[in-house]
Protein chains: 2
Amino acid sequence: MINLGAKHENLDQKAYSIIKKMIIDRKLLPGEKIPQEKLAQDLGISRTPLVSALKYLENEKLVEAKPRRGYFVRLFTMQEMVSIFELREVLEGLAARRAAANITDAQIDELDRFFDPFKTIKNITDLRTYAREDRRFHSFVTEVGAKEFLKSILQTYNIISFSYQVVSSEGLIRSPNETISEHLAIVEALSRRDAVKSEDLMRYHFKQSIARLKEEIAAEATGTSVRVKPLPSMDSGQPSMENSL
Amino acid sequence: MINLGAKHENLDQKAYSIIKKMIIDRKLLPGEKIPQEKLAQDLGISRTPLVSALKYLENEKLVEAKPRRGYFVRLFTMQEMVSIFELREVLEGLAARRAAANITDAQIDELDRFFDPFKTIKNITDLRTYAREDRRFHSFVTEVGAKEFLKSILQTYNIISFSYQVVSSEGLIRSPNETISEHLAIVEALSRRDAVKSEDLMRYHFKQSIARLKEEIAAEATGTSVRVKPLPSMDSGQPSMENSL
DNA sequence: ATTTTGTATTTTGTATGCAAAATGCACTAA
DNA sequence: TTAGTGCATTTTGCATACAAAATACAAAAT
């Protein structure tokens, strides 16, 4: 007896996807209140499945419930963003380790072409394109190495990173000239299916960015820099899930 | 202006806590269907807040929703249990790292008394007491080192580990004689506030248990052993959240 | 002009009702 | 005996209704 997926996708699931996308695409901004009645009408559903969807988003931390006051798009402090990156460090490290163990020959071919346009350039200036490739790369590793639990957690925190857009310059914490070699080193370790090295390099990559992030925060505190801010608005052309490093 | 907590705790939160406890205490067993109408009546509430609570438990993975069929206490395969332990490896590793950085002098004193009754014994036979101490130890590290995000994730997976009771002999994967030295080494590193060492040792501790777990699974597959099974029933006297290693 | 108070309006939390789907069960056919 | 088949019963998903709480806002008091 086959159990055909068992997923009809109810209204709350659809609402969930739509609202999630609205947050990612910054149609709903951090801190903003979510108008239940209005949103329900816009989606053509009642409040019941809408609130269900909000519950999901609540433990995904994308949304915050204040009892008797409603739901708000969640806002993160800089300290919390650092915590999230520390989480991503160990989780993507694990994903890389598993990816090295699972990767197929075809996937290795695909992997080898990552960052191709940048391999020969000495000074990378096209931040937008590099940032996109960066996100695509992290997505790829997650896709190959993470399933079920790890995948769902990682997706959540990647979305937070991205939707909050901690950093300016296309979301890059460090310049491409600094990170390209790290990226290529990870690619190389994965190609060799070296699990330990892949994990180590991925964690090193994150550690470096976290250190920089902390510097930025310290600098901002002393008034030296003001690059760290949520964007005022933006339509992510490609709704990639990853934040760039 | 003070924002007094902002938590009145609605019915769904209460239901959530109660159901969670029922799963931990094995009043509801893995695979079992959750009878909405009946449970709602037992709790003296309507289905609306009950279903809300189930949504929470759903993305905590303690419960599984099959559309149009209802909610079921989630059941995990052995492979999934290994994945969960791999997750705990990196997450508790991170928790240990942070704990080493945050721990107070008072907490170090407390920590030093962990495993006291076992320090002088050459062959530990009281598995039950050791297992409890083990869980208490892991809880302590989580409490000191993990907050917000990390904490909530860890709690979830610790509960799964415990509620599913992967392993026999009080939930211990390896014998106390094997793990006591690892535990004491972690205690020592934390006391010295050595973040790197604390993380490394915690991960080593998990890696060892994971390796053993995989052996168990392989052995079970070839019919050598049958120790790995969900318990038929049991009232956890102390509802500790941690699974023992 | 600002703060406070009181009242009208909106929004939340929860129960309830109902159609559609799933389940259980008696009956029939092999 | 086992395997269908059709019908009655239960359960789910969702909309709706409504009391209690929160909010907005106007009038009064400082």
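Below, all heavy atoms of this structure are taken into account, side chains as well, without hydrogens, waters or symmetry copies. Chain letters run A, B, ... following the sequence lines, proteins first, then strands; residues in each count from 1.
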Student: Return the value, rounded to whole Å, for the distance between atom CG of B:L39 and atom C1' of D:dT11.
Tutor: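 Value for this atom pair: 14 Å.
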Student: Any side-chain to backbone donor/acceptor pair from A:K33 onto A:R69? Under 3.5 Å, distance only.
Tutor: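 Yes, because the side chain of A:K33 sits within donor-acceptor range (under 3.5 Å) of the backbone of A:R69.
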Student: Can you measure A:Q41 atom CD to C:dT11 atom C1' for me and round it to whole angstrom units?
Tutor: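 Rounding to the nearest Å, CD of A:Q41 and C1' of C:dT11 are 13 Å apart.
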Student: For B:K38, report the nucleic acid contact type (base, sugar-phosphate, nothing); a contact means any heavy atom under 4.0 Å.
Tutor: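 The answer is nothing, as B:K38 stays clear of every strand by at least 4.0 Å.
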Student: Let's see if you can work this out: which of C:dT23, C:dT14, D:dA15 has an atom nearest to the side-chain heavy atoms of B:R69?
Tutor: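 Given the options C:dT23, C:dT14, D:dA15, the side chain of B:R69 is closest to C:dT23.
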Student: Distance check needed: C:dG13 P versus B:Y16 OH, whole Å only.
Tutor: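 From B:Y16 OH to C:dG13 P: 17 Å.
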Student: Looking only at side chains, do A:Y71 and A:K55 share a donor and an acceptor under 3.5 Å apart?
Tutor: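 Looking only at side-chain atoms, A:K55 and A:Y71 do form a donor-acceptor pair, the distance falling under 3.5 Å.
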Student: Just checking A:Q36: base, sugar-phosphate only, or nothing, at a heavy-atom cut-off of under 4.0 Å?
Tutor: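 Sugar-phosphate only.
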Student: Can a side chain N or O of A:S46 be found less than 4.0 Å away from OP1 or OP2 on D:dA15?
Tutor: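 Answer is yes, contact under 4.0 Å.
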Student: In whole angstroms, how far is the C1' atom of D:dT16 from the CD atom of A:E37?
Tutor: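 Going from CD in A:E37 over to C1' in D:dT16 covers 11 Å.
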Student: Report the residue (A:T48 or B:F72) whose heavy-atom-nearest nucleotide on DNA chain C is the more 5′ of the two.
Tutor: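 Here A:T48 is the residue nearer the 5' end.
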Student: Across all strands shown, which nucleotide pairs with D:dA28 by Watson-Crick or G-U wobble geometry, both distances under 3.5 Å?
Tutor: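 Answer to the pairing question: C:dT3, which forms a Watson-Crick or G-U pair with D:dA28.
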Student: For A:I45 and B:P35, find the nucleotide of DNA chain D closest to each by heavy atoms; which residue's nucleotide sits nearer the 5' end?
Tutor: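 The residue whose closest nucleotide sits nearer the 5' end is B:P35.
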Student: Phosphate oxygens OP1/OP2 of C:dT23: is one of them under 4.0 Å from a side-chain N or O of B:K66?
Tutor: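 For C:dT23, neither OP1 nor OP2 has a side-chain N or O of B:K66 closer than 4.0 Å.
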Student: Just how far, in rounded Å, is C1' of C:dT14 from CZ of A:R68?
Tutor: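 Rounding to the nearest Å, CZ of A:R68 and C1' of C:dT14 are 9 Å apart.
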Student: Flag yes if more than 12 heavy atoms outside A:E32 fall under 6.0 Å of its CD atom; otherwise flag no.
Tutor: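 More than 12 heavy atoms, drawn from other residues, nucleotides or ligands, come within 6.0 Å of this atom.
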Student: In whole angstrom, what separates A:N10's CG from C:dA22's C1'?
Tutor: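 One finds 13 Å between C1' of C:dA22 and CG of A:N10, rounded.
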Student: Does B:E148, at its CD atom, have more than 12 non-hydrogen atoms belonging to other residues, nucleotides or ligands within less than 6.0 Å?
Tutor: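 Counting neighbours around CD of B:E148, more than 12 heavy atoms of other residues, nucleotides or ligands fall under 6.0 Å, so yes.
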Student: Just the rounded figure in Å: distance from C1' of C:dT14 to CG of B:L43.
Tutor: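 In whole Å, C:dT14 C1' and B:L43 CG are 14 Å from each other.
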Student: On DNA chain C, compare the nucleotides closest to B:K33 and B:P49; which residue's is nearer the 5' end?
Tutor: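 Of the two residues, B:P49 wins.
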Student: Test the A:R136-A:F114 pair against the cation-pi criterion, namely NZ or CZ under 6.0 angstrom from the six-membered ring centroid and within 45° of the ring axis.
Tutor: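 Positive - A:R136 is close enough to the ring of A:F114 and near enough to its axis.
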Student: Could you tell me how far apart A:I34 (CD1) and C:dG13 (P) are, to the nearest whole angstrom?
Tutor: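 Roughly 13 Å, once rounded to whole Å.
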